[in-house]
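The block underneath contains the structure these notes are about, expressed in structure tokens.
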There are 2 protein chains.
Amino acid sequence: MTSFIEPLAQESTPSIVADKLRQAIAHGELKPGAQLGEAELARKFGVSRGPLREGMQRLTQEGLLVSIRNRGLFVIDMTPDEIRDMYLAREAIERAAARKIVAGDYEAAGDELLAIVDKMAAAEGDPAAVGEIDIAFHERLVELAHSPRLSRMHKTFITETRMCIHALEETYSASEVRVGEHRTLAQAIRAGDHLHVDDLLMAHMDDAVTRLVNR
Amino acid sequence: MTSFIEPLAQESTPSIVADKLRQAIAHGELKPGAQLGEAELARKFGVSRGPLREGMQRLTQEGLLVSIRNRGLFVIDMTPDEIRDMYLAREAIERAAARKIVAGDYEAAGDELLAIVDKMAAAEGDPAAVGEIDIAFHERLVELAHSPRLSRMHKTFITETRMCIHALEETYSASEVRVGEHRTLAQAIRAGDHLHVDDLLMAHMDDAVTRLVNR
DNA sequence: GGCGTTAGTATTGTCGACAATCTACCTATT
DNA sequence: AATAGGTAGATTGTCGACAATACTAACGCC
């Protein structure tokens, strides 16, 4: 059991705003290219424009929003080049995460990831569910590396990934292939086979990019 | 010659504030653990607290500042664990950058980097200068990959790197070794030898970490 | 003497209002 | 008819003031 007595970290309002906005962008409530009207958003969140703007600045720093002076903030739209760059960055982070996992307790980590793959296999037939579990797999992969920096950066790219999926209404072709790819990857981690993990990850990312870009 | 007529991108005030703060942190004007008093900083920058706070939120998102509710924002202090994590992230980014460079025009990139190494060799004897050129080398390495995301993330870690150097007053032992390491790396890039580049980069980062942590 | 309580002070968090700027539309002129 | 100029509306950028919260220190109580 975990202790109930722990530092009670109250999140700041800008941080909450940033999270909510990130979710809205991820799930397509704020579409690529859309402008974020301050007055309207402030009303919807029930805060004044000050804290709202502070939250939006965070997403600007993350690269999820772009600022045009005296015009406002807009959701980035993911051109093919942007998608390629995003996956380049994701690959960099996940490779580093995998490398650190393999240098540590890779067996426990592998087991956890295999459990997620099982859930993915069970959800086969429901493309949306498979997609969610796919993302959960990669999120967990990075978390298991216990690196604050890798995790923080990865969160941004996961948002962008979700954005792409929603924007393109990606038809998850051949979900059995996807389940297989993830299982192989998890098994390689379970076995601590660093080089294999690395190759699989890179191939996996390449697949994803081509799937999204040549849709 | 480059055209003079180009979209004149006026930076927003929060963005300028963020840059200035980043520099202040990098160069030790704001020391690790120090609190950023809003009223005082706003006065010094000549802006009101609103834009200042927005700029500070950006650095919070970057992880350079930590927020404690109702207490303020503080500069992170780099524990040995933090340093290790930072170099893990830097390594992830620079490896990805190098990989992309080698997949492109690695000869031009290698030449550019070798030129920087020459400058470093010329500055030998002046540890501070060598340190600056060292950082410039890595900055350019990432820029040459032409990846907006890698560059953006790397900027944060360069700031943290500078922070460490200033905090620890690092005595750059054996600068001829450092020049050599960078030259070998640049030559490997010039030759397009991906595997060698990868190995050299990882070794280089490991060296840096142990140098900083076991000071 | 140690602990809990209570002002006092300083700092942050939040808000509403004003100023600056841009877009869109309309008008007048060539 | 097309372009320059001007005006109105809306939105962002900025500021100053107020409210809420946490630290400091002095005081009283057990």
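All values below come from the heavy atoms of this structure, side chains included, with hydrogens, waters and symmetry mates left out. Within every chain, numbering begins at 1; the chains are lettered A, B, ... in the order of the sequence lines, protein sequences first and strands thereafter. Computed from a predicted model, the values in this text were never measured in an experiment.
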Assert: residue with more 5' nearest nucleotide on DNA chain C, out of Asn70(A) and Thr13(A), is Thr13(A)

Under a 4.0 Å N-O cut-off, is there an ion pair linking [X] with [Y]?
X         : Y         : value
Arg99(A)  : Glu94(A)  : no
Asp198(A) : Arg95(A)  : yes
Glu62(A)  : Arg152(B) : no
Glu143(A) : Arg140(A) : yes

Check your understanding: Is a donor-acceptor pair below 3.5 Å formed from side chain Arg49(A) to base dG13(D), judging by atom type as modelled?
Key -> yes

Distance, rounded to the nearest Å, where [X] contributes [atom1] and [N] contributes [atom2]:
X        : N       : atom1 : atom2 : answer
Leu52(B) : dG13(D) : CG    : P     : 16 Å
Gln57(B) : dG13(C) : CD    : P     : 8 Å
Leu73(A) : dT21(C) : CG    : C1'   : 15 Å
Arg53(A) : dT12(D) : CZ    : C1'   : 6 Å
Ile16(A) : dT14(C) : CD1   : P     : 9 Å
Met56(B) : dG13(C) : CE    : P     : 8 Å
Leu65(A) : dT12(D) : CG    : P     : 13 Å
Glu54(B) : dG13(C) : CD    : C1'   : 14 Å

Output yes when at least one side-chain N/O atom of [X] is less than 4.0 Å from OP1 or OP2 of [N], else no.
X        : N       : answer
Ser12(B) : dG13(D) : no
Arg69(A) : dG13(D) : no
Arg71(B) : dT11(C) : no

Under a 4.0 Å heavy-atom cutoff, the residues of residues 31-38 of chain A touching DNA chain D are Gln35(A), Leu36(A), Gly37(A), Glu38(A)

Across all chains, not counting sequence neighbours, the salt bridge (charged side-chain N to carboxylate O under 4.0 Å, His left out) partners of Glu139(B) are none

> Do any N or O atoms from the side chain of Arg90(B) and from the backbone of His154(B) form a donor-acceptor pair under 3.5 angstrom?
Replying inline: no

Quick check against the 3.5 Å criterion: does Ser15(A) have a side-chain atom that pairs as donor or acceptor with the backbone of Glu11(A)? no

